[in-house]
Amino acid sequence: MNVVTLTSGINQKLTIMAVVCLGAAATALAQHNQDELKQRILAQAQSIGPDDYAFSRTIKSESTSNGKTEQHVNIDQFDPTKSGDARWTLVSRDGAPPSADALSQYKKDAPKRRVPGYFRLADYFASPATASSDSRGRTVFHFSALPKDIVKVMDSDVSQNATADASVSEAEGTPFVEQLHVTVRSMRLKIIARLESYEFTARYRLGPEGKPLLTEQTTDLSGSGMGQEGKVHTVVTYSDYRALGNRR
């Protein structure tokens, strides 16, 4: 072997080693950036509380059971400056003032009514996740194991059968979760019912105070129980946000 051949071989090995090292360094840097972003989103969600905003929401639902379809539109409001059941107010049902029966049922459901909002993402981002990029270049965090009581369907905790993807975007230099998509695998609910499919999507935008606000939730579910099969499509939109400051 002459000197030229020997030198060429050494240079080739050094080049391969350099490429491998650079690749490992790039992977480590990407992992560091993803971990840092996950912690930023967690801190962001934790900085918002359920009592920080008053809002209105419009709930449009379409349910089909054994060939019969029903459609309803409810409008209600949440005001954390009030106390007890008065925090939630049913404004209208299907374009008319709510009946006495509707108001009674609405009040009865108050204890199990959970305040929605960006702050609930803290429960997701406190959990282990993997990260990837989507076609828009957004970082997407995938949660395959969720803590208890995060995802509920028909008052049943289905978190153990749920997975979630949180897509992170950026506005005005601030990263935030633009979309959360949750899927629940088929499972039995309360012995007599079965959840066949469940998909939930929440969308957020950056508010005027620089904090993310929930704008829309879409839910599609199908299931069966007591000899009947049905499906429900629900779209919830949020508006009239009023910042109340950090009241915690």
>> Would you compute the distance between atom OG1 of Thr64 and atom CD of Gln71 and round it to the nearest 0.5 angstrom?
In response: 8.5 Å
>> Is it the case that atom CD in Glu229 sees more than 12 heavy atoms from other parts of the structure closer than 6.0 Å?
In response: no
> Looking at Ala171 and Phe176, what are the two nearest heavy atoms and their distance?
Replying inline: CB-CE2, 3.7 Å
> Do the side-chain N and O atoms of Thr183 and Thr163 include a donor-acceptor pair separated by under 3.5 angstrom?
Replying inline: no
>> Looking at Lys38 and Phe125, would you say the former's side chain and the latter's main chain have a donor-acceptor pair under 3.5 Å?
In response: yes
> Does any N or O in the side chain of Tyr241 come within less than 3.5 Å of the main-chain N or O of Leu214, such that one atom is a donor and the other an acceptor?
Replying inline: yes
> Step by step, would you call Leu121 with Ile41 a side-chain contact (heavy atoms from CB on, under 4.5 Å)?
Replying inline: CA-CA 8 Å; Leu121 290 177; Ile41 297 298; 5.5 Å; no
>> Considering only residues two or more places apart or on different chains, which pairs with a residue in residues 119-130 satisfy salt bridge (charged side-chain N to carboxylate O under 4.0 Å, His left out)?
In response: none
> Are side-chain N/O atoms of Arg138 and Ser133 paired as donor and acceptor at under 3.5 Å?
Replying inline: no
> Can you tell if the side chain of Val232 reaches within under 4.5 Å of the side chain of Asp220, non-hydrogen atoms only?
Replying inline: no
> When you look at Ser222 and Ser197, which way does the side-chain hydrogen bond (donor to acceptor under 3.5 Å, both in side chains) test go after all the steps?
Replying inline: CA-CA 5 Å; Ser222 63; Ser197 64; 2.7 Å; yes
> Does Gly49 offer a backbone N or O that forms a donor-acceptor pair with the side chain of Asp52 under 3.5 Å?
Replying inline: yes
> Is the Trp88 ring parallel, tilted or perpendicular to the Phe78 ring (thresholds 30°, 60°)?
Replying inline: tilted
> Going from CG on Leu37 to CD on Gln44, what distance comes out if it is rounded to the nearest 0.5 angstrom?
Replying inline: 9.5 Å
> Is there a side-chain contact between Tyr124 and Ile150, using heavy atoms and a 4.5 Å cut-off?
Replying inline: yes
>> Testing the basics here: between Ser127 and Phe143, what is the closest heavy-atom pair and its distance to 0.1 Å?
In response: O-CE2, 3.7 Å
> If every non-hydrogen atom of Pro175 is compared with every non-hydrogen atom of Arg40, which pair is closest and at what distance?
Replying inline: CD-NH2, 3.4 Å
>> Distance to the ring centre below 6.0 angstrom and angle to the axis at most 45 degrees; does that hold for Arg185 and Tyr198?
In response: no
> Given Tyr238 and Gln217, is the side-chain hydrogen bond (donor to acceptor under 3.5 Å, both in side chains) satisfied, shown in steps?
Replying inline: CA-CA 9 Å; Tyr238 295 82; Gln217 294 172 315; 2.6 Å; yes
> What do you reckon, is CZ of Arg203 surrounded by more than 12 foreign heavy atoms closer than 6.0 Å?
Replying inline: yes
> Once you round to the nearest 0.5 Å, how far does CG of Leu90 lie from OG of Ser104?
Replying inline: 11.5 Å
> Are the side chain of Ser159 and the backbone of Leu146 linked by a donor-acceptor contact shorter than 3.5 Å?
Replying inline: no
> Can a donor-acceptor pair be found between the side chains of His142 and Asp165 at a distance below 3.5 Å?
Replying inline: yes
> Between Thr81, Asp79, Asp51, which is the residue that forms a side chain to side chain contact (heavy atoms under 4.5 Å, CB included) with Arg87?
Replying inline: Asp51
>> To the closest 0.5 Å, what do you measure between CG (Leu221) and NZ (Lys231)?
In response: 11.0 Å
>> Testing the 3.5 Å rule here: is there a donor-acceptor pair between the side chains of Asn74 and Tyr106?
In response: no
> Are any side-chain N or O atoms of Ser186 and backbone N or O atoms of Leu195, one a donor and one an acceptor, separated by less than 3.5 Å?
Replying inline: yes
> Which is it for Thr219 and His233 under the side-chain contact (heavy atoms from CB on, under 4.5 Å) test, yes or no, and what are the steps along the way?
Replying inline: CA-CA 6 Å; Thr219 304; His233 173 71; over 6 Å; no
>> Show, in sequence, the C-alpha distance, side-chain angles and deciding distance for Glu216 and Arg205, and conclude whether the salt bridge (Lys or Arg N to Asp or Glu O under 4.0 Å) test is met.
In response: CA-CA 10 Å; Glu216 182 184 81; Arg205 64 174 174 83; over 6 Å; no
> Looking at NE2 of His72 and CD of Glu70, how far apart are the two atoms once the value is rounded to the nearest 0.5 Å?
Replying inline: 4.5 Å
> Can a donor-acceptor pair be found between the side chains of Asp101 and Gln105 at a distance below 3.5 Å?
Replying inline: no
> Judged by atom type as modelled, is there a donor-acceptor pair below 3.5 Å linking the side chain of Ser99 to the main-chain atoms of Ala102?
Replying inline: yes
> Is there a path of hydrophobic side-chain contacts, each under 4.5 Å between heavy atoms of I, L, V, M, F, W or Y residues, that connects Tyr118 with Leu206?
Replying inline: yes
>> Could you measure the distance from the CD atom of Gln160 to the CG atom of Asp149? Nearest 0.5 Å is fine.
In response: 11.0 Å
> Is a side-chain donor or acceptor of Thr58 paired with a backbone partner of Thr237 at a separation under 3.5 angstrom?
Replying inline: no
> Would you call Asp94-Lys60 a salt bridge at under 4.0 Å N-O?
Replying inline: no
> Should we say atom NZ of Lys152 is surrounded by more than 12 heavy atoms from elsewhere, each under 6.0 Å from it?
Replying inline: yes
